[in-house]
Student: 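Starting off with a structure, shown below.
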Amino acid sequence: TYIDSVGSYWKVRLFRGTDGSLLEEFDYQGNIASQRSCRIGLPKGTYYAEVLRGGSYSDIDYNLRVNYVAATHWETEVNNSFGTADTISPNVSVTGSLMASDDNDYYKFTTGSDGYISLTLNHSFIDSGSDYWRVRLYRGSDSTLIEEFFYQGNIASQKSCRVGLPKGTYYLQVSDDNRHSTVDYNLRVNYVVDKSYETEINDSIGSADTITKYSTSRGTLMTSDDQDYYTFSLAAKCYVNFRLTHGYVDNSRSMFSLTVSDRNNSPVFEYSLTGQQTGTNKGIVLPAGKYYIKISSDRAHSTTPYGLVVE
């Protein structure tokens with residue numbers, strides 16, 4: 001029955017049956033005669049719902065219904081930590097919702113070979129350009145943050161840049177950012193086996209990927225401050241050619257920078273490409289020894305993948 005007040009008259013709490021832990025609570029206003037909560041992903045089992053008064057009180061009858069739909073690719077609350085993360089498969093979508101502004105949904109996935117991933121997030125259109133979802137990618141071995149991506153309300157389907165990863169286990173954390181919405185999101189880890197791709201985190205000489213001469217190595221500069229390092233060795237003094245390529249970007253500013261350094265990380269050779277220069281060959285005579293190559297952004301940044309060949 002309609003109540004001419006915006007006050008909260010009913011509060012419904014959802015508890016897990018196994019241990020009585022609180023999963024979520026919802027408030028229902030007097031002036032909205034029919035209200036439906038956001039969706040909640042749950043594993044099969046027993047649950048309890050507690051109905052109690054909100055900030056205001058009324059003795060009128062209420063009608064409560066649990067709307068249940070069987071689904072195999074939904075998050076299962078509580079999954080708000082690394083230890084309770086839902087296991088998902090690459091290239092298979094999972095659906096979830098952020099029930100409150102402090103809700104976090106964690107997922108765990110494993111790749112069987114070196115390659116690269118990207119993250120696609122779909123949701124219903126929201127008439128706002130603000131960031132509603134933030135997805136963080138963590139390394140499973142030590143929970144190190146690899147990268148984070150942001151998804152806007154007015155772009156209903158967004159795909160991140162590529163992230164090169166060695167085979168292993170990883171975690172994703174979905175949370176809100178500047179704004180919050182209980183709209184369902186659909187998340188997919190797009191995974192491609194590619195042993196020629198960089199393996200993050202390779203942002204220092206200590207974590208440099210070993211490059212194979214005469215073979216193309218590929219990578220992505222995920223952000224403007226991302227740096228990808230590679231290493232190679234020469235048994236004798238010789239001329240070395242460095243070929244850097246990338247997809248066309250309609251920007252005349254310098255975007256991709258290549259720097260070659262010696263074993264002490266002192267630069268010995270460098271050049272850069274604009275967005276409109278899709279590739280070039282440049283080289284130098286180098287003595288025997290160990291060397292490092294750094295690929296970084298210059299005056300502008302692009303997530304367009306690049307290719308690198310040492311010959």
Side-chain angles (χ1 to χ4, degrees), residues 2-3 5-16 21-45 47-56 62-81 84-86 88 92-108 119-136 148-160 171-189:
Y2 178 83
I3 301 174
S5 170
V6 297
S8 172
Y9 281 78
W10 296 272
K11 185 185 297 291
V12 181
R13 290 175 171 169
L14 175 65
F15 297 89
R16 189 162 51 195
S21 60
L22 177 66
L23 296 176
E24 191 53 71
E25 63 180 25
F26 304 95
D27 292 300
Y28 295 86
Q29 289 73 46
N31 64 341
I32 306 177
S34 180
Q35 300 169 71
R36 184 171 182 172
S37 74
C38 65
R39 300 191 198 187
I40 307 173
L42 297 173
K44 66 178 181 179
Y47 299 88
Y48 293 94
E50 176 191 18
V51 182
L52 61 160
R53 63 169 293 175
S56 301
Y62 66 82
N63 183 278
L64 178 67
R65 174 187 170 93
V66 177
N67 307 294
Y68 166 66
V69 177
T72 55
H73 298 300
W74 253 85
E75 60 158 329
T76 55
E77 296 289 352
V78 181
N79 61 338
N80 59 359
S81 67
T84 58
D86 288 328
I88 61 175
V92 177
S93 298
V94 63
T95 301
S97 63
L98 297 175
M99 299 180 293
S101 59
D102 59 352
D103 189 14
N104 291 271
D105 294 337
Y106 281 79
Y107 302 95
K108 176 183 178 181
L119 303 175
T120 298
L121 191 139
N122 300 318
H123 59 83
S124 298
F125 179 83
I126 301 173
D127 191 15
S128 171
S130 297
D131 294 333
Y132 278 78
W133 293 269
R134 178 180 61 192
V135 182
R136 286 176 166 168
E148 61 183 10
F149 304 97
F150 299 90
Y151 298 85
Q152 291 74 46
N154 61 350
I155 307 177
S157 181
Q158 300 169 73
K159 187 176 183 178
S160 76
Y171 290 92
L172 298 172
Q173 175 196 13
V174 182
S175 61
D176 69 2
D177 193 51
N178 293 328
R179 302 287 295 275
H180 172 253
S181 174
T182 58
V183 168
D184 296 348
Y185 65 80
N186 183 275
L187 178 66
R188 176 185 167 98
V189 178

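The structure displayed is predicted, hence computed values, not measured ones. These numbers come from the heavy atoms of this one structure, side chains and all, not from hydrogens, waters or symmetry mates.
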Student: Is Lys11 atom NZ crowded by more than 12 heavy atoms from other residues, nucleotides or ligands, each under 6.0 Å away?
Tutor: yes

Student: Apply side-chain contact (heavy atoms from CB on, under 4.5 Å) to Val94 and Asp86, showing your working.
Tutor: CA-CA 10 Å; Val94 63; Asp86 288 328; 6.0 Å; no

Student: Which heavy atom in Trp133 sits nearest to a heavy atom in Ile126, and how many Å separate them?
Tutor: CH2-CD1, 3.8 Å

Student: Let me confirm one number: the OH-CG distance from Tyr48 to Leu14, rounded to the nearest 0.5 Å.
Tutor: 12.0 Å

Student: If you take all heavy atoms of Asp184 and Ser97, which pair is closest and at what distance?
Tutor: OD1-CB, 3.8 Å

Student: Quick one: CD on Glu24 to CZ on Arg16, what's the gap to the nearest 0.5 Å?
Tutor: 13.0 Å

Student: Kindly say whether Ser175 contributes a backbone atom to a donor-acceptor pair with the side chain of Asp177 at under 3.5 angstrom?
Tutor: no

Student: Roughly how far apart are Asn154 CG and Asp127 CG, rounded to 0.5 Å?
Tutor: 7.5 Å

Student: Quickly, which of Val78, Leu98, Asp176 forms a side-chain contact (heavy atoms from CB on, under 4.5 Å) with Asp103? Name it, please.
Tutor: Leu98

Student: Would you compute the distance between atom CZ of Phe150 and atom CD of Gln158 and round it to the nearest 0.5 angstrom?
Tutor: 12.0 Å

Student: Nearest 0.5 Å, please: how far is CG in Asp27 from CH2 in Trp10?
Tutor: 12.0 Å

Student: Report the distance from atom OG of Ser130 to atom NE2 of His180, rounding to the nearest 0.5 Å.
Tutor: 14.0 Å

Student: Take Tyr185 and Ser181 through the test side-chain contact (heavy atoms from CB on, under 4.5 Å) and record every step on the way to the result.
Tutor: CA-CA 10 Å; Tyr185 65 80; Ser181 174; over 6 Å; no

Student: Would you please say whether a donor-acceptor pair under 3.5 Å links the side chains of Asn186 and Arg188?
Tutor: no

Student: Return the minimal non-hydrogen interatomic distance between Ser160 and Phe149, and the atom names on each side.
Tutor: CB-CD2, 3.6 Å

Student: Are any of the side-chain heavy atoms of Glu77 and Leu42 separated by less than 4.5 Å?
Tutor: yes

Student: Do you know which two heavy atoms are closest between Val174 and Tyr107, and how far apart they sit?
Tutor: CG2-CE1, 3.9 Å

Student: Nearest heavy-atom pair of Trp74 and Gly96: which atoms, and what distance?
Tutor: CZ3-CA, 3.8 Å

Student: Would Ile40 and Leu23 count as a side-chain contact (heavy atoms from CB on, under 4.5 Å) here? Give the steps.
Tutor: CA-CA 9 Å; Ile40 307 173; Leu23 296 176; 5.7 Å; no

Student: So does Arg134 have more than 12 non-hydrogen atoms from other groups sitting under 6.0 Å from CZ?
Tutor: yes

Student: Search all heavy atoms of Ser37 against all heavy atoms of Tyr28 and return the closest pair with its distance.
Tutor: CB-OH, 3.8 Å

